[in-house]
Each structure stands twice: as C-alpha cells, then as structure tokens.
Amino acid sequence: RLTFAAVPKDLTWDINASSSQVSDKSQPAFVSNFSGFNYLIGSKGGDEIKLSTGLNNLDLGDGKNTLTLASGAQLQQLNAGTGAGDEIVSFVGANQWAMLTATQGQLSGSNNSGDVIKSFTGIDILSGNGADRLSAALGTNNWLINQANDGTLNSTLRFRNFKDLNGSSEADTVSFAATGSLTGLFDGAGGADTLTARAGDNSWTFTGNTIGNLAQTNLNQNVNPNTPYVNFTHVANFIGSTGNDVITLENAARQINLNAGGQAGDALTIKYSDNLTVTSDGQEWLGVSGINTVTAKNTNASNINNNNAALTSTSLEKSQWTITGLDAGTWTTGANTTVLNGFNNITGSAVVDEFSLVGGRLSGGINGGNSGSLNGSGTTNPAADSLTTEDKNTFWTITDTGEGFLNFDNSANPVQSFTGIETLRGNNQKDNFHITKDSVVISLVGGGGTEDSVVFSGPLDITLGQSDVAG
C-alpha cells in the first residue's frame with residue numbers, strides 16, 4: 001500500500017505498467033517514481049490521476065479528484081474521497097457504465113469486453129467519451145438532460161458526454177432543459193416510464209407504441225429545428241409541452257399514452273396503408289389526449305385517393321358533427337371540439353348525434369349509431385340522430401328505415417349516403433324526399449321551402465304519424 005493521505009498537496013499521478021510516478025502540481029519538476037503497489041491512497045488535496053495498468057484499490061483524496069482512464073486500465077475497487085466533485089473520465093470505445101445502487105457502480109469496456117472498474121463508490125461525476133452508455137440502478141429514477149449528452153441522475157450523480165442512457169425495469173422519469181438532448185437513445189427498459197418534452201413547440205414521431213423520437217419545431221428555441229433531440233424506446237408514458245405538440249403515429253403505433261396539454265396547435269396525424277378504425281370519446285385518440293386536430297392519412301401510394309378510415313364515437317354526451325369539406329369537418333361533444341381530416345366513415349354513439357353538411361361530405365358514409373328510434377306516430381326518441389343538409393336543392397332517396405342517400409340539384413351521383421338516421425332535415429331550398437320501400441319509419445323536416453315534397457314509389461303501405469312529416 002502506498003499512501004499520501006497526510007500530504008496537504010494537490011498531486012499528479014501517472015500509473016502505468018513500466019514506471020509509475022507522482023508529483024506535486026505546484027512543483028511538477030519534483031517527481032517520485034514507484035512500482036509494485038496494488039493499493040494507492042490519494043492526498044488531502046485534489047489529485048489528477050491517469051491510470052493505464054491494473055490496480056487492486058484506489059482511494060481518492062479529500063479534495064476534488066479526477067481519474068482519467070487510458071488503454072490498459074483495470075481497477076478492482078475505487079473509493080471516492082470526502083471532498084465533492086470526484087470524477088471518472090473514460091477512454092476511447094463504446095463503454096458500458098452501470099449503477100448498481102445510488103452510489104455504487106461499475107464500468108465495462110466496449111462490447112462488454114470485461115471490467116475496467118469492477119466497483120466504484122461515491123463518485124460525483126461520470127464523464128464518457130461520446131459513445132458510452134449509462135444504465136441506472138434498479139428502482140425509481142429521475143433523469144434530467146441539461147445539455148447535449150449531459151445531465152443528472154437522481155439529482156446527485158452528474159453525467160456528461162454519454163450518447164445512450166438506460167433506465168431500470170421500474171419507473172424512470174425523463175425531462176429536458178431548453179438545450180438538453182441525446183445523440184443516441186434513451187431506453188426506458190420497461191416499467192411505468194414517463195418522458196416529458198422540452199418547453200416550446202415539439203414534434204413527436206412514433207414508429208411503435210413505445211418507440212419514436214422527439215424534435216423541436218420552433219427556430220427560436222433550438223439551433224437544430226426538426227432534428228430529433230431524443231430517440232426513445234420502451235417508454236410507456238409521454239407528456240407534451242406548454243407549446244404546440246404535433247404528433248405522428250406511423251402504421252405500427254396504435255396505442256400511445258400521451259397528454260399533449262390541449263394547446264391550440266396540438267395535432268395528431270394517424271398514418272395507415274390499408275384500413276384504419278379509430279374509436280374515440282372525443283377526448284382520447286388511441287391513447288393520445290389534449291388534441292385539437294386529428295388527421296387520418298393514407299400512406300398507400302397505389303391507393304392514395306381512396307381513403308378507408310373509420311371513426312366511431314363512444315361519447316356519452318350529445319355530439320354535433322359539421323362536415324365542411326371532403327372527409328373533413330369538426331366534432332363537438334360536451335365542451336370539446338376537434339377538427340377532423342381524412343375520416344370518410346363516421347359512426348355516432350349511443351346518445352344524440354346531429355350531422356350537418358356545410359359544404360362537405362363523407363366519401364364513405366354517415367352512420368347515426370344505435371341511439372334513436374321512431375314509433376311512427378310522431379314521437380321521437382330523445383336520443384334520435386339527425387342529418388341536416390346544406391342550403392341547396394336536395395333530393396333525398398330513402399331506401400329503408402334510417403337509410404338512404406342524397407344528392408343536389410337532381411344530380412345522378414349520390415353526394416352522401418347515410419344509415420341509422422331517425423330525422424332528415426332539409427333547408428330553405430327545395431327538398432324532395434323519395435321513399436322507395438314500405439314500412440319505412442322516418443321523420444322528415446323539409447326546412448320551409450315552398451316546393452318541398454314527399455314522393456312514394458312502388459307498392460307501399462303508408463302510415464303517417466301526427467308529425468312524422470313536417471315543413
């Protein structure tokens with residue numbers, strides 16, 4: 001054992017296989033050579049130590065110490081001193097750092113080639129080389145990324161120049177300061193992990209339910225806008241920022257637990273290549289909440305103009321659907337309004353659904369759901385669904401109870417098909433209702449035009465209720 005524990009000096013150590021030496025920082029010309037020692041103890045000052053050979057034990061001194069590892073370094077046990085700021089600096093290679101407890105860890109070489117430091121305790125700062133990975137100990141962990149590849153673990157361990165970070169199999173929380181980023185990967189390793197975006201506007205891309213990346217989109221907030229500041233995997237929960245969050249779900253991402261926050265620009269795009277079915281209560285979309293715009297996007301280049309995206313409501317409140325464009329419009333349920341794009345089939349819920357065509361149509365169809373009914377005597381179930389057309393000459397063809405299609409200005413091509421609708425409402429222009437089947441139960445409201453009419457064709461058995469036909 002070689003000890004300098006009583007020396008009140010800052011020392012420089014060079015520990016190698018051939019001629020190790022130690023010197024006083026203030027008098028570097030005075031050098032002491034030593035060899036054959038497997039246990040070294042630092043000084044009362046702050047030592048700078050370079051290690052490039054094998055050593056059993058190293059106890060750091062009482063000051064701020066730095067251990068720099070070079071090729072050939074191997075150490076069985078490293079113990080921190082009583083001072084603050086003790087640091088380990090790794091050497092070239094993709095080295096693997098693993099915390100075993102809050103204060104104890106180990107370091108393995110590239111590709112887990114063997115222990116470089118079998119055990120270290122009490123170290124304050126871990127410095128990688130830009131290719132290293134740091135893994136947290138089992139338990140709940142809190143990561144804060146302050147700068148590029150630089151941050152803290154559980155508020156006490158400082159790490160810097162680490163490309164990749166691994167959480168534990170329990171809950172890890174990850175958050176980012178304004179300039180915090182990782183050039184590699186954050187792997188949550190399972191558990192109830194939570195990742196929170198930077199402040200400002202963010203763009204999320206999910207390639208799987210727990211896999212994706214996060215970028216900043218505002219030029220004033222990041223020197224590399226639209227370049228991911230973190231790639232992640234095995235993360236269960238996500239929290240958006242106080243800015244706008246734009247979220248994209250690729251084809252394999254279908255259940256994401258993300259709260260965007262409900263800012264005006266928070267938007268969700270759901271990509272699909274074949275068929276898409278989305279069930280929503282108007283507040284949560286495939287696990288994503290706090291969204292104001294939802295877009296279904298067909299990525300099949302050979303079928304790009306043939307949408308097949310279906311939306312089904314599970315809302316327990318009355319819904320108003322306003323169709324303002326081709327497969328586009330708004331959905332209001334309760335106090336929440338969502339802008340919709342790309343859904344060509346919409347099915348209402350078990351309560352009231354009111355559909356209005358205002359310059360738009362659904363290329364698939366409108367389904368009122370299973371909420372309403374009519375008894376044929378003018379009494380409408382309070383939960384009856386309705387469809388109101390825009391202010392054009394409208395020709396309605398009713399093929400069965402609650403079913404049919406409409407077109408405008410006597411066009412031969414149907415503009416909108418519908419099913420499960422109890423009440424059809426016309427407009428201030430001419431409405432022509434053409435019923436083609438007997439035993440149809442429907443409520444017709446013409447809207448007050450002077451040429452509104454009901455036409456029956458075929459052998460029909462007609463019973464008109466007191467107010468089943470109005471206007």
Side-chain angles (χ1 to χ4, degrees), residues 1-28 30-93 95-109 113-129 132 134-137 152-162:
R1 175 185 296 186
L2 176 61
T3 178
F4 286 83
V7 177
K9 299 284 188 178
D10 296 335
L11 302 180
T12 300
W13 302 70
D14 185 355
I15 307 169
N16 56 68
S18 57
S19 58
S20 299
Q21 54 187 230
V22 60
S23 63
D24 183 348
K25 286 185 184 179
S26 63
Q27 295 177 300
F30 295 92
V31 176
S32 297
N33 297 311
F34 62 91
S35 62
F37 292 93
N38 278 318
Y39 196 152
L40 301 178
I41 301 175
S43 72
K44 282 185 172 296
D47 295 348
E48 291 186 3
I49 305 167
K50 178 182 178 182
L51 178 65
S52 58
T53 189
L55 190 64
N56 283 346
N57 292 77
L58 175 60
D59 292 352
L60 299 178
D62 297 335
K64 181 179 179 180
N65 304 282
T66 301
L67 170 62
T68 300
L69 303 171
S71 179
Q74 282 191 315
L75 183 57
Q76 293 295 306
Q77 180 66 46
L78 172 66
N79 299 310
T82 59
D86 287 342
E87 178 178 4
I88 306 174
V89 180
S90 75
F91 50 84
V92 174
N95 303 298
Q96 310 296 314
W97 303 69
M99 298 304 298
L100 307 178
T101 69
T103 59
Q104 181 186 7
Q106 62 185 24
L107 170 61
S108 300
S113 57
D115 291 334
V116 176
I117 302 178
K118 190 170 185 178
S119 176
F120 59 82
T121 57
I123 301 299
D124 301 307
I125 303 171
L126 304 181
S127 290
N129 58 37
D132 289 2
L134 173 61
S135 298
T152 60
L153 173 58
N154 297 325
S155 302
T156 56
L157 179 64
R158 169 80 182 276
F159 60 86
R160 51 193 179 198
N161 217 17
F162 280 85

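As a basis for the values below, the full set of heavy atoms in this structure was taken, side chains included, without hydrogen atoms, waters or symmetry mates.
- A 4.5 Å side-chain heavy-atom check between L60 and L58 finds at least one atom pair inside the cut-off.
- For D132, the side chain to side chain contact (heavy atoms under 4.5 Å, CB included) partners two or more places apart in sequence, or in a different chain, are S90, N95, W97, N129, F162.
- Evaluation of the side chain to side chain donor-acceptor pair (under 3.5 Å) rule for S18 yields N16 as partners, not counting sequence neighbours.
- With contacts defined as side-chain heavy-atom distances shorter than 4.5 Å, the pair L75/L67 qualifies.
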Under 3.5 Å, side-chain donor or acceptor atoms of residues 116-123 against the rest of the protein: list the pairs with distances, not counting sequence neighbours.
residue, atom, partner, partner atom, Å
S119, OG, Q77, OE1, 3.3
S119, OG, Q104, NE2, 3.0
T121, OG1, N79, OD1, 3.1

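- The shortest non-hydrogen separation linking G61 to N65 is O-ND2, 3.0 Å.
- Taking the side chain to side chain contact (heavy atoms under 4.5 Å, CB included) definition, one finds that T3 meets it with A5, I41, sequence neighbours left out.
- Not counting sequence neighbours, the partners of F34 by the side chain to side chain contact (heavy atoms under 4.5 Å, CB included) test are L2, W13, I15, S20, V22, F37, L40.
- Atom CG of D62 is separated from atom OG1 of T82 by 3.5 Å, given to the nearest 0.5 angstrom.
- Applying the side chain to side chain donor-acceptor pair (under 3.5 Å) criterion to R160, with sequence neighbours excluded, gives E87, S127.
- Here CG of D124 is found 5.5 Å from CG of D86. Values are rounded to the nearest 0.5 Å.
- A70 meets the side chain to side chain contact (heavy atoms under 4.5 Å, CB included) test with K50, S52; sequence neighbours excluded.
- Nearest heavy-atom pair across S43 and V7 is CB-O, 3.3 Å.
- Residues satisfying the ring pair (Phe, Tyr, Trp, His ring centres under 6.0 Å) criterion with F91, sequence neighbours excluded, are absent altogether.
- L107 contributes atom CG, which lies 10.5 Å from atom CD of Q74 (distance to the nearest 0.5 angstrom).
- For the salt bridge (charged side-chain N to carboxylate O under 4.0 Å, His left out) condition, the pairs that include at least one residue of residues 7-28, sequence neighbours left out, are K9-D24, K25-E48.
- In terms of the side chain to side chain donor-acceptor pair (under 3.5 Å) criterion, residue partners of N154 (sequence neighbours excluded) are, by chain and number, N141.
- Remark: N161 CG to L134 CG distance equals 12.5 Å, nearest 0.5 Å.
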